[in-house]
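Below you'll find the structure, written out as structure tokens, and then a few comments.
Numbers restart at 1 for each chain; the letters A, B, ... are given by sequence-line order, proteins then strands.
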Amino acid sequence: MKTILSMCVALLLPLQATVAQAEDAYTPKVYGKKGYVWDEMTPERVEVLKMTGDPVKGKEAFRGCRGCHKADAAGVREGVYPRLSGQHASVLIKQITEIRAGIRLNPKMLPFVEDPAIAVDEIADIAAYLNSVESLRENGKGPDDMSARGKKLYTDNKCFTCHGKNGEGDAAKAFPVLAAQHYGYLMREMKLIETGARGNSHPDMVKAIAKFSQSDREAVSDYLSRLPDYRTLNAVPATK
Amino acid sequence: MKYKNKYIRNFNGLLMSAMAALVGMLFVSASIHAESMPASGAAATPETPAAVAATPETAPVAPAPEASAAPAPEVAAAPSGPQPLEERLQLCAGCHNPDGNSVIPENPKLAGLNVKYLNRQLKDFKSGDRTSPIMSSIIPMVDESEFKALAQYFSEQKRSDGATDKPDLAAQGKQIFDEGIIGSAVPACSGCHNEDGSGTDKYPRLNGQNSVYVVNQLTNFKSGERKNDPKAVMQTVAKRMTEQEIAAVAEYVTTLKEAQQ
């Protein structure tokens with residue numbers, strides 16, 4: 001009996017230690033709170049960016065993500081789960097480390113991406129894997145083709161300065177790819193970024209979409225969802 | 001499982017472990033009697049432990065509070081030292097079948113589970129990281145040096161197929177297993193355990209597993225009673241599921257057959 005009791009105590013001790021550790025850890029700042037600086041590096045992100053990701057290991061580590069994002073990282077057409085394939089590694093690393101740090105708020109996913117579900121080096125591996133993986137299924141599009149109006153809004157509001165002329169984003173600056181993303185996801189994220197509920201909004205993007213109406217968001221999302229995967233644009237044409 | 005919920009909610013962790021230990025000791029002596037019965041091979045053993053394991057609702061495990069009032073169990077529980085594999089297997093066979101394909105609904109099929117997974121479960125039972133009124137009382141008899149061979153043996157057995165008499169429930173379970181539950185952010189089981197439930201070295205095999213056992217495990221993950229999942233994700237998954245969804249997915253798991261390569 002004594003051993004059982006001491007075993008229980010031994011189990012409780014590390015628990016207390018972790019709580020104590022969490023208290024003096026890095027304190028993240030969320031958009032809208034004093035001291036928020038967009039793209040401020042978390043210590044973990046600095047660490048991950050120094051690593052060279054291994055896509056083979058990444059594929060295996062991504063197994064724990066497939067239940068939502070699907071085996072080919074295509075997510076679901078309705079956009080509840082975003083498409084991750086082809087996203088820049090720098091963007092994936094930013095999003096994952098910020099979700100783990102509590103800067104980007106994603107309670108549905110957090111338990112599956114935080115420690116111990118995913119180790120630090122697996123973040124680099126997963127990012128390398130996702131950047132190169134090909135999704136087999138088509139992404140979700142808007143209900144009607146509004147791409148002409150969407151394209152105009154995208155251009156007039158200078159979205160391309162960050163997200164690129166073809167929605168290809170910017171790997172160096174960690175601006176996400178938007179092309180061929182699910183319509184439903186694009187719609188939701190614009191709203192979450194505008195209201196700040198996502199936690200890691202870029203203040204200039206908030207300004208850029210501040211005057212968007214619901215139908216503007218629909219048109220832009222539709223346009224972006226119909227753009228081809230940017231990786232196919234600079235692909236060398238296959239010789240027959 | 002009802003009895004467990006009823007009692008466990010009323011006690012704190014320490015008290016619970018103490019109770020489990022007492023109940024455990026009773027079992028140890030019970031199983032030792034079982035073992036010391038004339039050893040007419042594996043066929044004789046199923047009777048006693050099977051009865052013990054078969055129905056948690058009615059088995060002697062249920063009236064846990066009485067256990068604490070019972071006279072102190074004989075301390076014959078001292079580990080008998082390492083045993084050769086063939087002899088040790090007779091103990092396991094009583095509950096898990098000689099080929100590891102347990103026919104008792106509450107007891108898991110061990111056949112075809114990954115060797116690392118099996119080893120880890122045995123170690124966790126030993127250390128108390130995983131508890132079960134039954135296995136926690138069996139494991140003190142088994143020396144840690146035996147785990148490797150036991151795990152190896154069961155991992156090499158072929159998993160038998162299961163069947164359901166509730167096809168509608170199983171069909172609902174298939175939807176959950178393959179697609180998850182979007183509304184409550186339950187990921188698809190197939191993502192980790194594979195579409196055919198064959199699993200990997202990190203995620204256990206599920207195909208053909210006894211549905212009652214699967215329900216019990218998901219219920220224990222949900223309540224936090226089982227918390228030895230290394231990535232802690234099974235607890236999250238199960239907490240997001242209703243009892244009905246657990247029953248459905250467990251029913252489907254039983255019907256899964258490993259895909260032909």
Side-chain angles (χ1 to χ4, degrees), chain A residues 1-16 18 57 59-82 84 99-100 105-120 122-123 126 137 140 182 184-185 188, chain B residues 12-25 68 72-73 75 77 124 126-131 136-137 140 176-195 199-203 221 227-240 249:
Chain A
M1 184 63 76
K2 252 188 200 147
T3 40
I4 301 267
L5 285 181
S6 56
M7 246 157 54
C8 293
V9 175
L11 277 173
L12 286 172
L13 282 178
L15 206 93
Q16 274 172 342
T18 15
K57 283 190 192 150
K59 184 176 182 182
E60 200 38 46
F62 188 69
R63 188 172 269 277
C65 322
R66 304 192 326 183
C68 292
H69 293 286
K70 303 289 160 186
D72 61 353
V76 296
R77 286 189 66 130
E78 303 73 35
V80 179
Y81 304 129
L84 302 175
I99 289 169
R100 280 159 67 105
L105 310 172
N106 190 350
K108 282 184 188 171
M109 167 165 140
L110 184 60
F112 300 94
V113 78
E114 71 185 343
D115 195 38
I118 294 291
V120 177
E122 286 176 327
I123 301 174
I126 288 174
R137 283 161 302 149
H182 302 296
Y185 178 70
R188 187 170 76 244
Chain B
N12 64 32
L14 284 181
L15 215 65
M16 252 169 56
S17 338
M19 271 167 50
L22 266 174
V23 176
M25 281 182 208
S68 49
V75 195
D124 285 355
K126 193 76 155 177
S127 70
D129 286 349
R130 178 173 174 184
T131 56
S136 302
S137 68
I176 298 172
F177 194 92
D178 291 345
E179 305 297 335
I181 309 167
I182 293 218
S184 42
V186 174
C189 318
S190 59
C192 294
H193 295 277
N194 289 341
E195 273 176 48
T200 72
D201 60 341
K202 295 205 180 68
Y203 303 98
F221 279 129
K227 43 183 177 301
N228 73 328
D229 46 336
K231 291 174 183 282
V233 297
M234 274 316 298
Q235 294 178 64
T236 304
V237 169
K239 282 191 175 80
R240 292 179 182 185
V249 87

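Neither the backbone nor the side chain of B/S184 comes within contact range of chain A; no heavy atoms are under 4.5 Å apart. With a 4.5 angstrom heavy-atom cutoff, A/Y81 touches chain B only via side-chain atoms. Neither the backbone nor the side chain of B/Q235 comes within contact range of chain A; no heavy atom of the residue lies under 4.5 Å from a heavy atom of that chain. With a 4.5 Å cut-off on non-hydrogen atoms, B/D178 touches chain A through its backbone but not through its side chain.
Counting heavy atoms of neighbouring residues, nucleotides and ligands inside a 6.0 Å radius, atom NZ of B/K231 exceeds 12 of them.
Ranked by heavy-atom pairs shorter than 4.5 Å toward chain B, the options A/E78, A/E114, A/R66 are led by A/R66.
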CA sep, side-chain torsions, deciding dist, call: A/R63, B/N194, side chain to side chain contact (heavy atoms under 4.5 Å, CB included): CA-CA 9 Å; A/R63 188 172 269 277; B/N194 289 341; 2.7 Å; yes
Side chain to side chain contact (heavy atoms under 4.5 Å, CB included) between A/K70 and B/E179, intermediate numbers included: CA-CA 9 Å; A/K70 303 289 160 186; B/E179 305 297 335; 3.1 Å; yes
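Scanning all heavy atoms of the two residues, the minimum distance from A/P116 to B/A232 falls at CG-CB, 4.4 Å.
B/K239 has its side chain out of reach of A/P111: every pair of non-hydrogen atoms, C-beta onward, lies at least 4.5 Å apart.
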